[in-house]
Amino acid sequence: MHEMALSRELAALIEAEAAKHRAARVTRVVLEIGVLSHVDGGAMAFCFDACTRDTVAEGAALTIEQPPGQAWCLDCGDTVAIGKRGDSCPCCHGHRLMVTGGEDLRLKEMELV
Amino acid sequence: MCSVCGCGDGETRVDGAEVRKEAPGRDHGQGHGQAHGGHQPHPHHHGRAHDHAHGHDHVHMPDGTVIHYGQGPAGVSVAGLDQPTLVRVERDILGKNDAIAARNRAHFARHGWLVLNLLSSPGSGKTTLLVKTLEALGASVPTAVIEGDQETTADADRIRATGVPALQINTGKGCHLDAGMVADATATLHPPHGATVFIENVGNLVCPAGFDLGEALRVVVASVTEGEDKPLKYPQIFAKADLVLVNKVDLLPHLDVDVEALVDNARKVNPGVAVIRLSARTGAGMEAWLRWIEAGRILKCAAE
């Protein structure tokens with residue numbers, strides 16, 4: 001489960017940011033996990049709790065935002081919305097799509113005390 | 001300007017020099033946040049170093065900005081009851097891996113290495129393909145192999161039996177190779193200048209997809225025994241491939257699999273991906289694969 005490795009990276013990022021802002025505690029963490037990213041939000045939430053134990057972020061509320069998938073249709077010459085990889089273009093139903101959005105995996109915001 | 005302590009915009013000046021008037025120990029906790037108005041951390045210039053006591057509770061940033069705990073909705077700061085502050089971070093969680101991968105890529109380029117990352121499910125025939133590839137390349141080009149598995153040195157042993165240097169990374173419980181592991185492996189293996197380096201990733205169609213190793217080319221090996229639906233079931237790994245190698249085509253007469261559908265499905269998630277059908281066992285399609293590697297080496301040299 002690569003979410004565990006990612007959660008460890010996330011916990012280290014949170015520790016570093018909290019130290020930079022001299023925060024005693026992190027009470028909320030906002031993640032951005034695009035719907036086309038390679039990460040499962042549920043698995044990430046599970047691992048987050050395990051990886052933040054005994055850190056400044058222990059018990060922090062986790063909010064996961066999931067920006068929608070976006071692609072450039074080579075045939076329509078337009079940006080279209082897609083729900084998952086392998087979806088066809090909602091306009092021309094072709095598959096010549098280049099993914100342009102919804103792949104991000106980011107620590108977006110933190111609430112510090 | 002802060003009406004309480006005089007900090008902020010519009011500082012008082014006498015003969016062009018800033019005047020600082022904050023008295024040590026001044027108690028101006030309540031209302032400070034409101035007096036500042038805004039919500040952004042701002043420079044908080046005090047005339048002297050912090051040898052004065054702050055009546056209000058705020059944190060001074062190393063870069064000179066300040067987070068005011070008193071800037072919350074209530075506009076007050078009470079010791080022990082500090083309000084939370086929201087900070088925007090906007091950092092990629094894979095940033096550390098990606099930074100190491102970028103260093104790897106530059107390092108590989110300096111040594112003239114063409115590095116290929118081979119990804120697939122377990123049992124797709126990656127190691128057999130590599131053994132046959134190394135035998136076919138022979139002494140025409142220096143080669144080296146980095147093997148990734150959770151346990152055993154079986155794959156590296158098979159590679160070494162061909163006379164090619166190989167290093168086994170055992171990830172233990174890890175499900176993928178990361179850029180740091182590959183950096184360590186290349187430092188240990190240190191292939192000769194101009195070598196083609198094959199990385200056989202951990203057999204897994206899910207986890208290795210997101211981890212850039214610094215490779216020049218990504219190859220997904222999909223054997224026909226896995227069925228035609230794998231590109232749609234595991235799209236992440238196919239979406240980032242430069243080449244899909246459809247392996248074990250010698251078994252097609254014995255299977256119901258629709259290999260054209262497999263290729264179509266791969267191109268549904270990755271429209272421009274190159275596809276080579278081959279059998280590492282019989283050697284069918286091997287020539288196309290070797291030519292593809294050669295083309296990668298030529299393009300890489302041209303780019304340098």
- Taking only residues two or more places apart in sequence, or in another chain, which ones meet Glu260(B) in a side-chain contact (heavy atoms from CB on, under 4.5 Å)? Asp258(B), Arg277(B)

- Validation row: Asp212(B), Arg105(B) side chains within 4.5 angstrom (heavy atoms): yes

- Task: Would you name the heavy atoms of Glu226(B) and Lys230(B) that are closest together and state the gap between them?
- Result: O-NZ, 2.7 Å

- Query: If you measure only the distance, is there a donor-acceptor pair under 3.5 Å linking the side chains of Asp229(B) and Asn265(B)?
  - Reply: no

- Side chain, backbone, both or neither: which part of Lys240(B) has a heavy atom under 4.5 Å from chain A? side chain

- Note on the structure: Expected contact set for residues 82-103 of chain A against chain B at heavy-atom separation under 4.5 Å reads Arg85(A), Gly86(A), His95(A), Arg96(A), Leu97(A), Met98(A), Glu103(A)

- Side-chain (Thr27(A)) to main-chain (Glu111(A)) donor-acceptor, under 3.5 angstrom: yes

- Task: Tell me, for Leu31(A) versus chain B, whether the close heavy atoms (under 4.5 Å) come from the side chain, the backbone, both or neither.
- Result: side chain

- Message: Checking His38(A) against Leu6(A) for the side chain to side chain contact (heavy atoms under 4.5 Å, CB included) test, could you report, in this order, the C-alpha distance in whole Å, the side-chain angles of both residues, the deciding distance, and whether it holds?
- Response: CA-CA 11 Å; His38(A) 54 91; Leu6(A) 294 174; 4.2 Å; yes

- Query: Measuring heavy-atom distances to chain A, does Phe211(B) have an atom under 4.5 Å in its side chain, in its backbone, in both, or in neither?
  - Reply: side chain

- Taking all heavy atoms of Asn104(B) and all of Leu213(B), pick out the closest pair and write down the distance. ND2-O, 2.9 Å

- Query: Looking at Leu86(B), Leu94(B), Ile93(B), which one has more heavy-atom pairs under 4.5 Å with chain A than the rest?
  - Reply: Ile93(B)

- Task: Among Ala12(A), Ser37(A), Ala71(A), single out the residue with the greatest number of heavy-atom pairs under 4.5 Å to chain B.
- Result: Ser37(A)

- Task: Side chain from CB out, backbone as N, CA, C, O: work out which of these in Arg25(A) comes under 4.5 Å of a heavy atom of chain B, or both, or neither.
- Result: neither

- In short, Asn170(B) meets Glu151(B) closest at the heavy-atom pair ND2-C, 3.2 Å

- Mark yes or no for whether Arg267(B), through its side chain, and Val273(B), through its backbone, hold a donor-acceptor pair below 3.5 Å. yes

